[in-house]
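Worksheet for the structure shown next.
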Amino acid sequence: MKYIIIGGVAGGASAAARLRRLEEDAEIILFERGEYISFANCGLPYHISEVIPERDSLLVQTVAGMSRRFNLDIRNFSEVQSIDPDKKEVEVKNLETGKTYKESYDKLLLSPGAQPVKPPIPGLDQAKNLFTLRTIPDTDAIKAYVEDKKVKKAVVVGGGFIGLEMVENLAHLNIEVDLVEMSPQVMAPLDLDMAKIVHRELVNQGVKLHLEDGLASIEEAGKKLVLSSGQEIETDLIILSIGVKPENSLAKSAGLDLGPKGHIKVNDRLETSKKDIYAVGDAIEFKGRILGEDMALALAGPANHQAHLVADIMTGLDRTYKGFVGTSVAKVFNLTVASTGLNEKKLEALGKKDYESIHLHPMNHAGYYPDAQALNLKLIFSREDGSIYGGQIVGTDGVDKRIDVLATAISGGLKVKDLTSLELAYAPPYSSAKDPINMAGYVATNILEGLVDIVHVQDIDQIIDQGGLLIDVRDPEEVAAGGIPGAINIPLNDLRDRLDEIPKDKPLYISCQVGLRGYLGTRFLAGYGLDAKNLDGGYSSYSQWHDEIPNSYCSQGKDA
């Protein structure tokens with residue numbers, strides 16, 4: 001059997017190694033147009049700041065090392081220019097010699113990846129200080145420019161994973177950084193309520209944040225940026241990080257079916273629309289595992305899984321791909337930011353209306369153990385059957401552990417009630433006897449079983465304005481440190497003695513610091529025949545939602 005793989009890194013290189021482990025006698029050729037076949041692209045920003053000091057530590061495999069270990073025919077600096085599915089051959093150009101030749105195959109794997117988006121912005125092509133970050137050479141170029149030009153000011157355009165990582169690593173080099181993001185928030189996998197926590201962290205770290213403001217033009221060969229708002233920013237360096245698009249020129253040449261955004265369509269065996277041609281990685285479109293919608297995902301974890309799976313399939317093993325969940329984590333200065341599954345924005349776009357979301361602020365480990373810090377946890381689930389749609393967590397320690405539990409629960413088809421019975425590792429330095437994931441399950445289950453109803457912080461001000469009564473059951477000293485306008489304070493322990501102060505002729509709402517005492521208050525009132533709703537996430541969520549970044553940090557003074 002003769003296999004040809006086009007593209008290395010997480011998809012192609014991993015598939016090549018797996019193919020060899022399965023078939024020692026197969027002929028395996030890997031074409032890569034660049035120099036490097038396997039590198040840690042997720043670590044690139046951290047080498048620019050020298051948090052990862054050794055460049056070679058980013059090279060997972062070299063051409064020589066991988067060729068010898070796995071007996072592979074690896075041809076780097078080789079660009080596949082076209083595919084003929086009928087003749088089952090590819091046309092290849094050696095970029096060092098200029099020679100063009102053809103190579104036949106029995107089965108072909110496409111792992112072309114994606115390339116950074118470069119929109120037609122006036123002045124972009126004349127900017128000598130503008131870079132994108134996708135490869136080792138990109139890293140080398142940025143690092144050299146920063147050092148040679150003694151960069152003092154930088155602008156990062158785009159608040160996704162790479163953009164935020166570049167912001168942090170440039171700041172680590174004592175470079176003044178502006179972050180420009182066209183949407184109302186950074187980190188698209190988050191909903192706005194969770195992204196606001198990240199906005200505050202960026203501002204606290206000295207980043208100048210420009211939300212709902214795009215890049216209109218680049219002037220003075222890149223030394224000045226003009227934003228859509230009209231604001232001008234002087235800069236020494238521009239990092240463009242506004243997204244990626246699939247590398248699909250070969251797919252087009254082969255006549256493969258493509259999705260609306262140009263991704264290669266594959267079935268549950270990672271087969272394309274042409275026989276014996278498969279595809280993996282950032283360039284493919286497949287189904288979401290939760291609701292079965294068409295989606296693409298540019299993440300290393302799914303690409304590695306697909307690579308292993310497609311090698312099995314190509315060699316005849318009975319395997320199927322179950323689809324994307326979409327789990328990610330990123331470091332943003334002192335925060336860890338993670339998400340899994342679908343957010344509210346995506347559910348709305350899909351027309352899914354049965355969802356509910358809850359917010360918790362539990363400690364990352366036992367509160368009595370030193371240095372306990374709050375996690376900000378959001379769980380999204382179906383009000384109809386308790387299916388878990390997604391989760392988002394922002395905090396310090398313990399975020400990645402909890403998001404992985406939620407991702408596993410989604411993959412396993414668990415419901416929110418099942419979260420209550422998960423037996424998770426506990427010791428005071430690591431968790432509580434009732435883990436935050438267990439707690440999220442209890443809160444969601446109480447809602448599903450009708451033990452409590454909730455109101456969201458985005459709605460409570462209008463509810464109060466329209467005559468609703470909000471009772472804050474915190475202690476007076478807590479309320480004095482910050483409270484919701486219009487609320488009356490009746491501490492939880494005083495509710496029984498002050499029932500006569502609570503009107504029976506208007507809607508009732510209960511709030512506390514994080515939601516727990518509010519839940520207790522609603523249950524107590526229910527015992528006396530009163531109907532009250534709990535404020536989801538309490539004053540902690542309310543204050544985060546209403547956290548306004550000073551106008552000096554935002555080009556249009558947006559409520560960030």
Side-chain angles (χ1 to χ4, degrees), residues 168 187 190 193-205 329-340 357-379 391-409 416 419-446 457 472-483 491-493 511-521 534-547:
E168 178 178 349
M187 196 70 77
L190 299 181
D193 50 4
M194 301 296 284
K196 287 189 174 192
I197 307 169
V198 184
H199 297 167
R200 172 52 59 187
E201 175 68 7
L202 290 167
V203 169
N204 287 346
Q205 295 293 336
V329 66
K331 180 180 179 296
V332 183
F333 292 99
N334 295 320
L335 292 179
T336 301
V337 183
S339 67
T340 187
S357 63
I358 56 172
H359 297 75
L360 294 84
H361 306 277
M363 292 299 175
N364 61 326
H365 60 243
Y368 56 81
Y369 189 85
D371 301 323
Q373 298 184 56
L375 298 172
N376 300 284
L377 189 159
K378 179 175 184 175
L379 180 67
Q392 301 161 41
I393 309 177
V394 180
T396 53
D397 294 335
V399 171
D400 52 342
K401 167 184 175 177
R402 274 64 183 222
I403 209 69
D404 284 344
V405 173
L406 286 179
T408 303
V416 291
L419 298 180
T420 66
S421 59
L422 290 180
E423 185 178 331
L424 303 175
Y426 159 61
Y430 304 106
S431 184
S432 300
K434 193 182 295 181
D435 189 84
I437 296 299
N438 300 136
M439 293 168 64
Y442 282 116
V443 173
T445 301
N446 284 338
V457 295
D472 190 330
V473 297
R474 296 178 297 165
D475 294 333
E477 58 270 21
E478 295 177 274
V479 177
L492 180 63
N493 292 341
S511 71
C512 63
Q513 189 64 31
V514 297
L516 175 57
R517 283 174 288 176
Y519 164 66
L520 297 175
N534 190 24
L535 181 65
D536 173 53
Y539 183 69
S540 292
S541 288
Y542 180 89
S543 60
Q544 288 170 353
W545 178 253
H546 288 276
D547 183 19

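Residue numbers count from 1 along this sequence. Please read all numbers here as calculations on a predicted model, not as lab measurements.
- No donor-acceptor distance shorter than 3.5 angstrom exists from the side chain of Asn364 to the backbone of Leu375, with no hydrogens or angles considered.
- Distance check, rounded to the nearest 0.5 Å: CG of Leu377 to CD of Gln392 gives 9.5 Å.
- For the pair Val473 and Gly518, the tightest heavy-atom approach, listed with the atom from each and the gap, is CG2-N, 4.2 Å.
- In this structure a side-chain-to-backbone donor-acceptor pair under 3.5 Å is missing from Lys434 to Pro436.
- Atom-to-atom distance recorded for Ile358:CD1 and Leu379:CG is 4.5 Å, nearest 0.5 angstrom.
- Here the side chains of Asn334 and Gln205 are in contact, with some heavy-atom distance below 4.5 Å.
- No donor-acceptor pair under 3.5 Å is formed between the side chain of Asp475 and the backbone N or O of Glu477.
- In terms of heavy-atom proximity, Met194 sits nearest to Asn376 at CE-O, 3.2 Å.
- Between atom CG of residue Leu202 and atom CD1 of residue Ile197 there is a gap of 12.0 Å, rounded to the nearest 0.5 Å.
- One finds the CD atom of Gln544 at 10.0 Å from the NZ atom of Lys196 (value rounded to the nearest 0.5 Å).
- By the neighbour-count criterion of 12 heavy atoms within 6.0 Å, atom CD of Glu423 is sparsely surrounded, having that number or fewer from other residues, nucleotides or ligands.
- Side-chain N or O atoms of Ser541 include none that pairs as donor or acceptor with a backbone N or O of Gly538 at under 3.5 Å.
- In this structure, the side chain of Asp193 does not engage the main chain of Trp545 through any donor-acceptor pair within 3.5 Å.
- The environment of Phe333 atom CZ is dense: over 12 non-hydrogen atoms of other residues, nucleotides or ligands sit within 6.0 angstrom.
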Kindly indicate, with the supporting measurements, whether the criterion side-chain contact (heavy atoms from CB on, under 4.5 Å) is fulfilled by Ser431 and Lys401.
-> CA-CA 10 Å; Ser431 184; Lys401 167 184 175 177; 4.1 Å; yes
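- Aromatic ring pairs are classed by plane angle as parallel below 30°, tilted from 30° to 60° and perpendicular above 60°; the pair His365 and Tyr369 is perpendicular.
- The main-chain N or O of Leu422 is found under 3.5 Å from a side-chain atom of Asn438 such that the two form a donor-acceptor pair.
- When all heavy atoms of Ser511 and Leu535 are compared, the pair lying nearest together is CB-CD2, 3.7 Å.
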Which is it for Arg402 and Asp435 under the side-chain contact (heavy atoms from CB on, under 4.5 Å) test, yes or no, and what are the steps along the way?
-> CA-CA 9 Å; Arg402 274 64 183 222; Asp435 189 84; 2.9 Å; yes
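- The minimum heavy-atom distance between Ala372 and Ala366, with the atom names listed, is CB-O, 3.7 Å.
- The CD1 atom of Ile393 lies 4.0 Å from the CD1 atom of Ile403; values are rounded to the nearest 0.5 Å.
- Across all non-hydrogen atoms, the minimal contact from Ser357 to Asp536 is O-OD2, 3.9 Å.
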Go through Val514 and Leu360 one step at a time and tell me if the side-chain contact (heavy atoms from CB on, under 4.5 Å) criterion holds.
-> CA-CA 6 Å; Val514 297; Leu360 294 84; over 6 Å; no
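- Nearest heavy atom pair, residue Met187 against residue Ala330, reads CE-CB, 3.9 Å.
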Check against side-chain contact (heavy atoms from CB on, under 4.5 Å), Leu492 and Arg517 | CA-CA 7 Å; Leu492 180 63; Arg517 283 174 288 176; 3.8 Å; yes
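- Between the CG atom of Leu419 and the OH atom of Tyr442 there is a distance of 10.5 Å, given to the nearest 0.5 Å.
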